Amino acid sequence: MPLTPLDIHNKEFSKGFRGYDEDEVNEFLDQVIKDYEIVLREKKELEDKLNEMTDRMGHFNSLEETLHKSIVVAQEAAEEVKRNAQKEAKLIIKEAEKNSDRIVNESLSKARKIALEIEELKKQSKVFRTRFKMLIEAQLDLLNNDDWDHLLEYELDSTELKSTQEEDSFA
């Protein structure tokens with residue numbers, strides 16, 4: 001188990017004939033206690049920062065998972081719309097073949113309407129694809145942002161540490 005500043009402070013040495021200068025030993029121990037307290041404080045701060053970064057990483061992982069699920073749902077919805085449009089077109093064609101002479105004009109009218117709907121669906125699909133692509137690119141830009149590198153390269157400013165040490169030595 002590591003020493004605590006209190007352990008260092010309470011350490012008693014036995015006295016021997018012509019032993020060390022007691023004031024010098026006490027002065028050295030006081031300096032060791034101060035330095036040890038600084039190291040323990042810095043360790044605690046670094047652990048807190050690590051925990052904070054771990055929490056943030058968890059948040060980003062959750063966001064990534066949510067985006068992935070959204071993409072899958074959007075792809076499934078697009079496929080379903082496409083299948084439904086294809087099924088509807090096939091049904092209309094079969095209906096037209098059964099009643100071709102009697103409903104040729106009606107079938108042509110419906111075919112035109114479906115063609116317009118298909119064109120509208122194509123337009124909507126293009127708009128959806130463009131918006132979806134923009135969303136993915138925006139998310140990719142977020143991932144490629146320099147902030148990620150900044151987080152990974154985060155280091156304490158040594159001037160902050162020196163000023164902390166100076167404040168502690170004046171205290």
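Only a predicted model underlies this, so the values are computations on that prediction, with no experimental measurement involved.
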(message) Tell me whether Ile33 shares a hydrophobic cluster with Leu40, the cluster being built from Ile, Leu, Val, Met, Phe, Trp, Tyr side chains joined at under 4.5 Å.
(response) yes
(message) For the CZ atom of Phe60 and the CG atom of Leu67, what is their distance to the nearest 0.5 Å?
(response) 11.5 Å
(request) Sequence neighbours left out, what passes side chain to side chain donor-acceptor pair (under 3.5 Å) with Lys43? Give chain and number order. (result) Glu47
(message) Just verifying a value: how many Å separate Tyr36 OH and Ile38 CD1, rounded to the nearest 0.5 Å?
(response) 13.5 Å
(message) Between the side chains of Arg41 and Glu37, is the shortest nitrogen-to-carboxylate-oxygen separation below 4.0 Å, so that they form an ion pair?
(response) no
Between side-chain atoms of residues 74-82 and protein atoms elsewhere (two or more places apart, or another chain), which donor-acceptor pairs fall under 3.5 Å?
{"unit_1": "Glu80", "atom_1": "OE1", "unit_2": "Arg83", "atom_2": "NH2", "d": "2.8"}
{"unit_1": "Glu80", "atom_1": "OE2", "unit_2": "Asn84", "atom_2": "ND2", "d": "3.4"}

(message) Nearest 0.5 angstrom please: Phe132 CZ to Ser70 OG, how far?
(response) 8.0 Å
(message) For Asp55, give me all partners under salt bridge (charged side-chain N to carboxylate O under 4.0 Å, His left out), at least two apart in sequence or on another chain.
(response) none
(request) Look up atom NE2 in His59 and atom OG in Ser62, then write down how far apart they are to the nearest 0.5 Å. (result) 7.5 Å
(message) Checking the side chain of Thr54 only, and the main-chain atoms of Leu50 only, is there a donor and an acceptor separated by less than 3.5 Å?
(response) yes
(request) Report the distance from atom CD of Glu65 to atom NE2 of His68, rounding to the nearest 0.5 Å. (result) 8.5 Å
Determine all donor-acceptor pairs shorter than 3.5 Å in which one atom belongs to a side chain in residues 108-121; sequence neighbours excluded.
{"unit_1": "Lys110", "atom_1": "NZ", "unit_2": "Glu106", "atom_2": "OE2", "d": "3.4"}
{"unit_1": "Glu120", "atom_1": "OE2", "unit_2": "Gln124", "atom_2": "NE2", "d": "3.4"}

(message) Working to the nearest 0.5 angstrom, can you tell me the gap between Ile136 CD1 and Ile71 CD1?
(response) 3.5 Å
(message) Can you list everything that forms a side chain to side chain donor-acceptor pair (under 3.5 Å) with Lys123? Sequence neighbours excluded, please.
(response) none
(request) Using a strict cut-off of less than 4.0 Å between a Lys/Arg side-chain nitrogen and an Asp/Glu carboxylate oxygen, indicate whether Lys44 and Asp48 qualify as a salt bridge. (result) yes
(request) Could you name each residue pair satisfying side-chain hydrogen bond (donor to acceptor under 3.5 Å, both in side chains) that touches residues 126-139, not counting sequence neighbours? (result) none
